[in-house]
There are 2 protein chains.
Amino acid sequence: MASLGDLERSVMTLLWDSGQPLSANEVCEQLDDDLAVTTVLTVLARLEKKGMVQRERSSRPHRYAAMATREEHTVEMLNEVLGTAPDREAVLARFIGGVSDSEAASLRRILG
Amino acid sequence: MASLGDLERSVMTLLWDSGQPLSANEVCEQLDDDLAVTTVLTVLARLEKKGMVQRERSSRPHRYAAMATREEHTVEMLNEVLGTAPDREAVLARFIGGVSDSEAASLRRILG
DNA sequence: AGCATCTTCTACGCCGTGTAGAAAATTACG
DNA sequence: CGTAATTTTCTACACGGCGTAGAAGATGCT
């Protein structure tokens, strides 16, 4: 339960890229599409409900920040997918077998 | 584009577990829930459209088989998720850092 | 031809998502 | 303080995916 729609993903990307919390207006401006602020607010509220963003209600304009880094989130997704497989090791093997050489080297280093 | 609904997943699981092609009726019987055969047929048709199952139209009851093994499918999903990240290596590092010891060992063997 | 089986077509309801207006709440400024 | 500007909430609509299945059409058996 953390899959994202297109707009939701765009918003998360903004929040991830800008390390700091953003207001709905700032998000709105920085988006390529020309959307109503209410649209962005709706999306932000939904993302908050999903536990993807944290809202600072104290300051006026509320500020929104990503709960997890993009990395953390991607790793969560990976684990979620892996969780659907009964044969984890086999999947991992196949998966790792398919990564690029440089990535493989990097993994070898990590696995020590 | 290969995410599955609950029923779709159940059906795929059946097809994956039974190595051989199954008819709609067989799928229907082997499902826990007591569904109408037309329901199963609809789902199978949708899975076919998604490229998840192959239908043998030659034989009457049509027979349906999974296009990819569950492993292959899971790996596809993993790559899809990984594709959404700009920092692949960082994600991989973190991801691999979190697997169990036995899995890590298995990976070392594969990369070795 | 008649009957049983199987498939297609069509459809309904629900929920997630993109989209935003109307109205309410808060803040800013003269 | 009162009015205008900003911000947030509430409500809503449309569209597509998915679970669900009946009615009708196609195919095959006897």
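Below, chain A is the first sequence line, B the second, and so on; all start at residue 1.
When the C1' atom of dC18(D) is taken as reference, atom CG of Leu47(B) falls 11 Å away, rounded to whole Å.
Residues of residues 57-68 of chain B that place a heavy atom closer than 4.0 Å to DNA chain C, in numerical order, are Arg57(B), Arg60(B), Pro61(B), His62(B). Residues of residues 12-45 of chain A that place a heavy atom closer than 4.0 Å to DNA chain D, in numerical order, are Asn25(A), Thr38(A), Leu41(A).
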Hey, what are the protein-to-nucleotides 12-17 of chain C N/O distances that come in under 3.5 Å?
unit_1	atom_1	unit_2	atom_2	d
dT17(C)	OP1	Lys50(A)	NZ	3.3
dT17(C)	OP2	Lys50(A)	NZ	3.0

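Closest heavy-atom contact between Pro21(A) and Glu26(A): O-OE1, 4.3 Å. When all heavy atoms of Val53(A) and Leu44(A) are compared, the pair lying nearest together is CG2-O, 3.8 Å. Shortest non-hydrogen contact noted between Leu7(B) and Thr39(B) is CD2-CG2, 4.0 Å. Closest approach of Ala68(B) and Trp16(B) over heavy atoms only: O-NE1, 2.8 Å. Contact record, Ala104(B) with Val99(B): N-CG2, 3.9 Å, taken as the closest heavy-atom pair.
Arg55(B) meets the side chain to side chain donor-acceptor pair (under 3.5 Å) test with Glu48(B), His62(B), Tyr64(B); sequence neighbours excluded.
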What do the steps show when you test Met52(B) against Leu4(B) for side chain to side chain contact (heavy atoms under 4.5 Å, CB included), and what is the final call? CA-CA 10 Å; Met52(B) 299 280 309; Leu4(B) 301 176; 4.1 Å; yes
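Side-chain N or O atoms of Ser106(B) include none that pairs as donor or acceptor with a backbone N or O of Ser102(B) at under 3.5 Å.
Here Asp17(A) contributes atom CG and Arg70(A) contributes atom CZ; the two are 4.5 Å apart, rounded to the nearest 0.5 Å.
Residue contacts for Arg9(B): at a heavy-atom cut-off of 4.0 Å it reaches no nucleic acid atom on any strand shown.
Between Phe95(A) and Phe95(B), the ring-plane angle classifies as perpendicular under the 30° and 60° cut-offs.
Using modelled atom types and a 3.5 Å distance limit, the side chains of Ser3(A) and Glu80(A) yield no donor-acceptor pair.
Rotation axes derived from the C1' atoms of the five outermost pairs at either end of the helix from dA1(C)-dT30(D) to dG30(C)-dC1(D) lie 10° apart, to the nearest 10°.
Residue Met67(B) is found outside any hydrophobic cluster, as its side-chain heavy atoms come under 4.5 Å of no other Ile, Leu, Val, Met, Phe, Trp or Tyr.
With respect to Arg46(B) and Glu8(B), no salt bridge is recorded, no charged nitrogen being found less than 4.0 Å from a carboxylate O.
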